[in-house]
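In what follows, chains carry the letters A, B, and so on, assigned in the order in which the sequence lines appear, proteins first and then strands, with residues in each chain numbered from 1. Excluded from the calculations below are hydrogen atoms, water molecules and symmetry mates; all remaining heavy atoms, backbone and side chain alike, are included.
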Protein chains: 2
Amino acid sequence: MARMAPETHDEILVAAARRFAATGYRGTSLQDIAREVGCSKAAVLYHFANKEAILTELMAPAIGVLQALDERIRAHRGTAAQRVAAEGFVDLAVRFRREIALLRGEFPELLQQPAFAHIQRISERLVDALAGHPARPSARITALVLLAGISETCGEFPDVADEELRAALLALARRALEPVD
Amino acid sequence: MARMAPETHDEILVAAARRFAATGYRGTSLQDIAREVGCSKAAVLYHFANKEAILTELMAPAIGVLQALDERIRAHRGTAAQRVAAEGFVDLAVRFRREIALLRGEFPELLQQPAFAHIQRISERLVDALAGHPARPSARITALVLLAGISETCGEFPDVADEELRAALLALARRALEPVD
DNA sequence: CCCCGATCTGACCGATCGGTCAGGGCCTGA
DNA sequence: TCAGGCCCTGACCGATCGGTCAGATCGGGG
């Protein structure tokens, strides 16, 4: 062990991130990634069990933070939960906007893969918290529009500073969300 | 001509709509559509030149209304344009939520196909109008989040009445959008 | 020196994709 | 009755997909 420079693993990750961001997960083939790295497709599959393993490793940090946010939300109720959810999700979206952009609208399909099954439940709780527990239909609609809109667009502003984007999104969320009673 | 019942064409359309809504455009094969209709894949391609032709025919009514909205927006300026854009887009999203849901996050790729090239420009003008012409970054961000959020989610409430959904979305838009000056 | 394990390659696999094609029923108008 | 056109089928095409496999290369430790 402890060989010199088998950094191919990481090169594959950054190449995959670029391709996924450009053409989506489904729209990127292992051949595309291999071409970008400059190795064979078989080499990619030597470092990763399969295509999905590349995505899960890319998304792991963001998913970890999402799970932590979920636990923090579940420790609160009502208005407090709503505030924690809004601030936490905006922060997550800004910090991981590159990773989120990789999924480019493939959320629905990707979430149905078993590896991401628990993400589905977490995002449902996020919507509940944002909408507030009484959950009038209009509140649920607002929460879902906000969540989907931020997820879909946060990657479209690569040249806006983190702090500016966070401020804009948070202000939008506060304006949009109806207070829980 | 004037034969009895060549309604296969329409059956293909409704079957395709169901499959696209369930698994997306890319995620639906011609074989899937044929299976749902109960005919051969070749029969599907007898009625439609290719897969894309099915999608364009499904989207034609919504695209027509979108173009009409675009012209109405371009006839106004500033606050008036913003109001026309918000009300017009919400109305369009509610009326055609089934059709919009078909695209399920495949907007970016599909819009790049030549058949939909002009839609790209129309949606850019929509964002401009919603953001207001001064176009501070935060206003653009708000407009984009709103547009993407409504597009992505309007199909998720098939059992909410048109009027209720329209009211909720319009109220959200009014709260979220920053007034032009 | 030689062997071993980590790394990587090219050839190959079965499945599926969108799309083509020749032909076969079957209805209709002449 | 029969020619012709509409509707449709099954077989087939080349391309591409994710993934497998036997073996080549090569550096380091016994």
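Residue-to-nucleotide proximity on DNA chain D shows that, of A43(B) and T28(A), the 5′-proximal contact is made by A43(B). The residue among S40(A) and E52(B) whose nearest nucleotide of DNA chain C is located toward the 5' end is S40(A). Heavy-atom nearest nucleotides on DNA chain D were determined for A49(A) and for G38(B), and the one closer to the 5' end corresponds to G38(B).
Using a 4.0 Å heavy-atom distance criterion, L45(A) is classed as a base contact.
Taking A85(A) as the reference, I73(A), L126(A), A129(A), L130(A) meet the side chain to side chain contact (heavy atoms under 4.5 Å, CB included) condition, with sequence neighbours excluded.
Atom CZ in F48(B) sits roughly 13 Å away from atom P in dC7(D) (whole-Å rounding). In this entry the distance linking NZ of K51(B) with C1' of dG19(C) reads 12 Å, nearest Å. Rounded to a whole Å, the CZ atom of R35(B) is 14 Å from the P atom of dT9(D). The CD atom of E11(A) sits 13 Å away from the C1' atom of dC8(C) (whole-angstrom rounding). Atom CD in Q31(A) sits about 15 Å away from atom P in dA15(D), given to the nearest Å. Rounded to whole angstrom, the span from the CZ atom of R26(A) across to the C1' atom of dC17(C) amounts to 13 Å. Between Y46(B) atom OH and dT9(D) atom P there is a gap of 12 Å when expressed in whole angstrom units.
Checking dG18(C), dT9(D), dT20(D) against the side-chain heavy atoms of L30(B) singles out dG18(C) as nearest.
Residue side chain K41(A) reaches the base of dG18(D) through a donor-acceptor N/O pair under 3.5 Å, judged by distance alone.
A close approach under 4.0 Å does not occur between any side-chain nitrogen or oxygen of H9(B) and OP1 or OP2 of dC7(D). Side-chain N/O atoms of H47(B) include none lying less than 4.0 angstrom from OP1 or OP2 on dC6(D). Phosphate contact (OP1/OP2 of dT16(C), side-chain N/O of S29(B), threshold under 4.0 Å): absent. Dashed line: the shortest gap from a side-chain N or O of T8(B) to OP1 or OP2 of dC7(D) is not under 4.0 Å.
Closest approach of H9(B) to F48(B), counting heavy atoms only: CE1-CZ, 3.4 Å.
In this structure, K41(A) is not positioned above the aromatic face of Y46(A) in the sense of NZ or CZ being under 6.0 Å from the six-membered ring centre and within 45° of the axis.
With 3.5 Å as the limit, one finds a donor-acceptor pair spanning the side chains of Q67(A) and H118(A).
Looking at heavy atoms from C-beta onward, D91(A) lies in side-chain contact with R95(A) at the 4.5 angstrom threshold.
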